[in-house]
S.K.: 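This is the structure I have questions about; it appears just below.
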Amino acid sequence: MQLKKLDDKAIDQLFEAVLTLKTVEECYIFFDDLCTVNEIQSLSQRLEVARMLGKGCTYNQIEAETGASTATISRVKRCLNYGNDGYKLALERLGR
């Protein structure tokens with residue numbers, strides 16, 4: 001649990017702010033102010049890589065469809081195998 005090591009009130013505030021958002025439109029507004037376009041694209045790309053790995057797609061398929069590097073795919077796979085099941089939790093709740 002890497003983030004738990006930080007245990008910072010500012011990080012708590014960030015997560016609590018995200019939890020207050022009620023619609024996709026509100027998320028667009030908040031994240032547009034919070035992140036660069038590239039940061040948002042990187043986050044969404046990682047989630048898509050996790051979804052595709054969960055479906056059994058190959059690195060080549062994932063790379064071709066998402067543009068993710070093999071390093072990014074490997075990092076996400078490591079999180080899926082040895083992480084905190086955050087990707088799994090989110091994707092299950094999304095029904096994907």
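Values reported hereafter were calculated over all heavy atoms of this structure, with side chains retained and with hydrogens, waters and symmetry mates removed. These numbers were taken from a predicted model, which means no experiment stands behind them.
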S.K.: Using side-chain heavy atoms (C-beta onward) and a distance below 4.5 Å, is R46 in contact with Y87?
M.R.: yes

S.K.: Before you tell me yes or no, could you show the steps for K77 and Y59 under side-chain contact (heavy atoms from CB on, under 4.5 Å), namely the whole-Å CA-CA distance, both residues' side-chain angles and the distance that decides it to 0.1 Å?
M.R.: CA-CA 10 Å; K77 186 173 184 176; Y59 275 41; 3.5 Å; yes

S.K.: Out of curiosity, does V18 fall in the hydrophobic cluster containing L34 (side-chain heavy atoms, cut-off under 4.5 Å, transitive links)?
M.R.: yes

S.K.: side-chain contact (heavy atoms from CB on, under 4.5 Å), that's the test. Do L80 and K88 meet it? Break it down for me.
M.R.: CA-CA 7 Å; L80 289 171; K88 181 180 175 186; 5.5 Å; no

S.K.: Are F30 and I11 joined in one hydrophobic group, where the rule is that I, L, V, M, F, W and Y side chains link up if heavy atoms are under 4.5 Å apart?
M.R.: yes

S.K.: Does F15 belong to the same Ile/Leu/Val/Met/Phe/Trp/Tyr cluster as F31, with side-chain heavy atoms less than 4.5 Å apart forming each link?
M.R.: yes

S.K.: Let's go through R78 and N81 carefully: what are the C-alpha distance in whole Å and the side-chain angles of both, what is the deciding distance for side-chain contact (heavy atoms from CB on, under 4.5 Å) to 0.1 Å, and is it a yes or a no?
M.R.: CA-CA 5 Å; R78 187 172 50 253; N81 291 332; 6.0 Å; no

S.K.: What are the two closest non-hydrogen atoms of E48 and T66, and how far apart are they?
M.R.: CG-CG2, 3.7 Å

S.K.: Take atom OH in Y28; do more than 12 heavy atoms of anything else shown fall under 6.0 Å from it?
M.R.: no

S.K.: Hydrophobic clusters here meaning ILVMFWY residues chained together by side-chain heavy-atom distances under 4.5 Å, can you tell me if I40 and L47 are in one?
M.R.: no

S.K.: So, do Q61 and E65 sit near enough that their side-chain heavy atoms are less than 4.5 Å apart?
M.R.: no

S.K.: Which pair of non-hydrogen atoms, one from A68 and one from V49, has the smallest distance, and what is that distance?
M.R.: CB-CG2, 3.7 Å

